[in-house]
Amino acid sequence: TSPPTKMSELDVDEESASKEQAVNRGLRLHHLGHDLRYAFRALRHHRGFSAVVVLTLALGIGANTAIFSVVNALLLRPLPVSHPEQLVALGDPTQTNSSYSGQPRTDVYSYPLYKDLRDNNTVFSGLYATTGAGALPFVVGNRAAADSSTPGSAPKPEYPHARYVTANYFRVLGVDAEKGRVFAPDEDRAAGEGAVLVISDGYWRRRFDRDPEAIGRTVSVNHVPMTIVGVTPPSFTGDVVGERTDVWIPISMEPALVPTNSWLNDRDTDALLLMGRRKPGVTFVQARAVLTPLIQRLLDQGAKEGPGGRAQASQYDHPEITPGARGFSYWRSRYATSLYRLLVGVALVLRIVCANVANLLLG
């Protein structure tokens with residue numbers, strides 16, 4: 001018989017090691033099962049003690065889970081969009097529903113300044129603008145009935161939370177419609193055009209009971225007929241964290257919906273927050289380095305002439321440009337410090353709970 005080769009000896013060693021690992025895994029599982037059975041028997045025989053321990057742990061773990069869920073949703077979690085790390089926010093993220101008249105500024109932007117930034121920057125593949133639409137009355141039902149003077153015949157108006165957005169809003173965020181479609185690129189080409197709506201999945205469920213016939217339905221918004229063209233995915237409720245958005249309206253419809261106070265072409269009315277998506281290969285630092293002088297130059301061009309015009313614009317020589325992965329939020333800045341303190345507090349409560357359980361076990 002020929003002597004065993006080196007390769008066959010290695011095979012034997014590997015097979016032995018594999019069998020040993022399998023035996024060890026089996027022993028660990030056997031011991032784990034034995035320990036679990038013993039633990040359950042002990043809990044069953046000492047039900048009062050078990051109830052106190054479980055309730056004590058539930059208090060600490062439940063408080064931590066609840067507070068962390070709020071902190072995660074408001075302060076930590078990125079927007080449920082495509083590659084949120086590529087987003088860059090322009091303006092003060094807390095000014096979600098603000099509007100100012102006067103000299104140009106950069107905590108919020110005018111629509112003409114937005115168009116200048118959109119058309120002249122070299123770092124974004126897309127840049128959109130958004131602002132709150134205010135209390136616009138929505139009437140879902142027959143428009144003739146809504147305009148009827150007969151008492152009780154007209155449906156009551158509703159006031160869902162709506163926002164004006166540019167037509168590229170969903171494309172820049174990388175959000176597709178769950179049903180129907182999002183806005184077409186040319187639906188905000190001119191003022192008064194784009195009489196279409198995109199609604200959230202939550203509003204579709206609450207108001208239309210997820211009826212597929214809601215897509216294509218005409219509603220009256222401040223007595224202007226508009227058509228629902230799409231529904232967003234359930235995970236997407238807008239780019240404003242802490243405020244649920246029900247309806248998105250093309251910004252070009254603002255003059256038609258609020259003809260008495262239109263600001264769309266007014267360079268001295270600032271109401272918009274901007275969000276851009278960086279081009280491939282462009283870092284956030286590079287984008288900020290390019291945008292800062294560009295915004296300053298556009299501010300110089302838009303500032304009113306005369307005494308104090310440039311002085312007023314100089315207050316905003318350092319525009320706020322921040323990562324946009326977590327979206328905009330008024331509530332984040334207002335409650336961030338309190339929430340972090342509360343999170344530390346409930347963590348201390350959990351430590352006290354664990355100490356109490358340890359004392360009970362020792363007793």
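For clarity, every value in this text was computed on a predicted model and none was experimentally measured.
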Task: Worked verdict on E158 versus Y203 for side-chain hydrogen bond (donor to acceptor under 3.5 Å, both in side chains) - done: CA-CA 12 Å; E158 307 169 8; Y203 187 63; 2.8 Å; yes
Task: Aromatic plane relationship, H30 with H34 - under 30° parallel, 30 to 60° tilted, over 60° perpendicular - done: tilted
Open item on the list: Do V290 and N121 have side chains that approach each other closer than 4.5 Å (heavy atoms only, starting at C-beta)?
Closed with: no
Open item on the list: Strictly distance-based, threshold 3.5 Å: is any side-chain N or O of E243 a donor or acceptor partner for the main-chain N or O of V240?
Closed with: no
TODO: Establish, from distance only, whether the side-chain atoms of R163 and T130 form a donor-acceptor pair under 3.5 Å.
DONE: yes
Open item on the list: Using every non-hydrogen atom in the two residues, find where V172 and M275 come nearest and quote the distance to one decimal.
Closed with: CG1-O, 4.1 Å
Open item on the list: Donor-acceptor pair, distance only, cut-off 3.5 Å: does the side chain of R267 make one with the backbone of S110?
Closed with: no
Open item on the list: If you define the side chain from C-beta out and look only at heavy atoms, does anything of V198 sit under 4.5 Å from F170?
Closed with: yes
- [ ] Measure from the side-chain N and O atoms of N168 to the backbone N and O of L127, and report whether any donor-acceptor pair falls under 3.5 Å.
- [x] yes
Task: Basic-acidic side-chain contact under 4.0 Å: D119, K115 - done: no
TODO: Determine yes or no for a side-chain-to-main-chain donor-acceptor pair under 3.5 angstrom, with S252 supplying the side chain and A191 the backbone.
DONE: no
Task: Heavy-atom side-chain proximity of V123 to L291 below 4.5 angstrom - done: yes
- [ ] Is it possible for you to check whether R278 lies under 6.0 Å from the centre of the six-membered ring of F124, through NZ or CZ, and within 45° of that ring's axis?
- [x] no
TODO: Mind listing the closest non-hydrogen atom pair of T269 and W263 along with its distance?
DONE: CG2-CB, 3.5 Å
Open item on the list: For a side chain to side chain contact (heavy atoms under 4.5 Å, CB included) check, start with the C-alpha distance between L136 and L257, then their side-chain angles and the critical distance, and finish with the verdict.
Closed with: CA-CA 8 Å; L136 294 176; L257 296 175; 4.1 Å; yes
- [ ] May I ask you to check whether Y128 and D239 show a side-chain donor-acceptor distance below 3.5 Å?
- [x] yes
- [ ] Going by the side chain to side chain contact (heavy atoms under 4.5 Å, CB included) test, name the single residue among L59, I61, I67 that passes it with V346.
- [x] I67
Open item on the list: Looking at every heavy atom in both S329 and L74, which two are closest together, and how far apart are they?
Closed with: OG-CD1, 3.8 Å
TODO: Tell me, with the steps shown, if L197 and T227 meet side chain to side chain contact (heavy atoms under 4.5 Å, CB included).
DONE: CA-CA 6 Å; L197 302 172; T227 303; over 6 Å; no
Open item on the list: How long is the straight-line distance from OG1 of T232 back to CG of L173, given to the nearest 0.5 Å?
Closed with: 11.5 Å
- [ ] Look at the side chain of D188 and the backbone N and O of A167, then say whether any donor-acceptor pair between them is shorter than 3.5 Å.
- [x] yes
Name every donor-acceptor pair, under 3.5 Å, that has one atom in a side chain of residues 76-91 and the other anywhere in the protein, sequence neighbours excluded.
residue: H83; atom: ND1; partner: E85; partner atom: OE2; Å: 3.2
residue: Q86; atom: OE1; partner: R277; partner atom: NH1; Å: 3.0

Open item on the list: As an exercise, state the distance from OG1 of T122 to CD of Q286, rounded to the nearest 0.5 Å.
Closed with: 10.0 Å
Task: D246 with R206: basic N within carboxylate O range, under 4.0 Å - done: yes
TODO: May I ask you to decide if Y330's main-chain N or O and T96's side chain share a donor-acceptor pair within less than 3.5 Å?
DONE: no
- [ ] Kindly indicate whether the side chain of T322, heavy atoms from C-beta on, has any atom under 4.5 Å from the side chain of P93.
- [x] yes
Task: Side-chain (T166) to main-chain (A129) donor-acceptor, under 3.5 angstrom - done: yes
Task: Heavy-atom neighbours of K279 NZ exceed 12 at 6.0 Å - done: yes
Task: R341 side chain to S338 backbone, donor-acceptor under 3.5 Å - done: no
Open item on the list: Using every non-hydrogen atom in the two residues, find where Y164 and P250 come nearest and quote the distance to one decimal.
Closed with: CD2-O, 4.0 Å
- [ ] Might you confirm whether atom CZ of R244 has over 12 heavy atoms from other residues, nucleotides or ligands at distances under 6.0 Å?
- [x] no
TODO: Return the orientation label for the Y169 and W248 ring planes: parallel under 30°, perpendicular over 60°, tilted otherwise.
DONE: tilted
Open item on the list: Distance check, rounded to the nearest 0.5 Å: I251 atom CD1 versus Y114 atom OH?
Closed with: 8.0 Å
- [ ] State which residues pass ring-ring contact (aromatic ring centres under 6.0 Å, His included) with F284; sequence neighbours excluded, sorted by chain then number.
- [x] none
Task: Within 6.0 Å of CZ in R210, more than 12 heavy atoms from elsewhere - done: yes
- [ ] Could you go through the ring-ring contact (aromatic ring centres under 6.0 Å, His included) check for Y335 and W331 one step at a time?
- [x] CA-CA 6 Å; Y335 293 112; W331 304 106; 5.8 Å; yes
Task: Closest non-hydrogen atom pair, E187 against A184 - done: OE1-N, 2.7 Å
Task: L55 side chain near L57 side chain, heavy-atom distance below 4.5 Å - done: no
Open item on the list: Using modelled atom types and a 3.5 Å cut-off, is there a donor and acceptor pairing between side-chain atoms of N64 and backbone atoms of G60?
Closed with: yes
TODO: Would you indicate whether F49, at its atom CZ, is surrounded by more than 12 heavy atoms from other residues, nucleotides or ligands within a distance under 6.0 Å?
DONE: yes
Open item on the list: Strictly distance-based, threshold 3.5 Å: is any side-chain N or O of D266 a donor or acceptor partner for the main-chain N or O of D268?
Closed with: yes
Task: Closest heavy-atom pair and its distance - L273, D92 - done: CD2-O, 3.2 Å
- [ ] Mind checking the CZ-CG spacing from R118 to D116? Nearest 0.5 Å is all I need.
- [x] 9.0 Å
Task: Partner set under salt bridge (charged side-chain N to carboxylate O under 4.0 Å, His left out) for E320, not counting sequence neighbours - done: none
TODO: Would you check if there is a donor-acceptor pair between the side chains of Y100 and Q95 at a distance under 3.5 Å?
DONE: yes
Task: Test side chain to side chain contact (heavy atoms under 4.5 Å, CB included) applied to R332 and T94, step by step - done: CA-CA 8 Å; R332 182 182 298 142; T94 66; over 6 Å; no
- [ ] Look at D35 together with R28 and state whether they make a salt bridge at an N to O cut-off of under 4.0 Å.
- [x] no
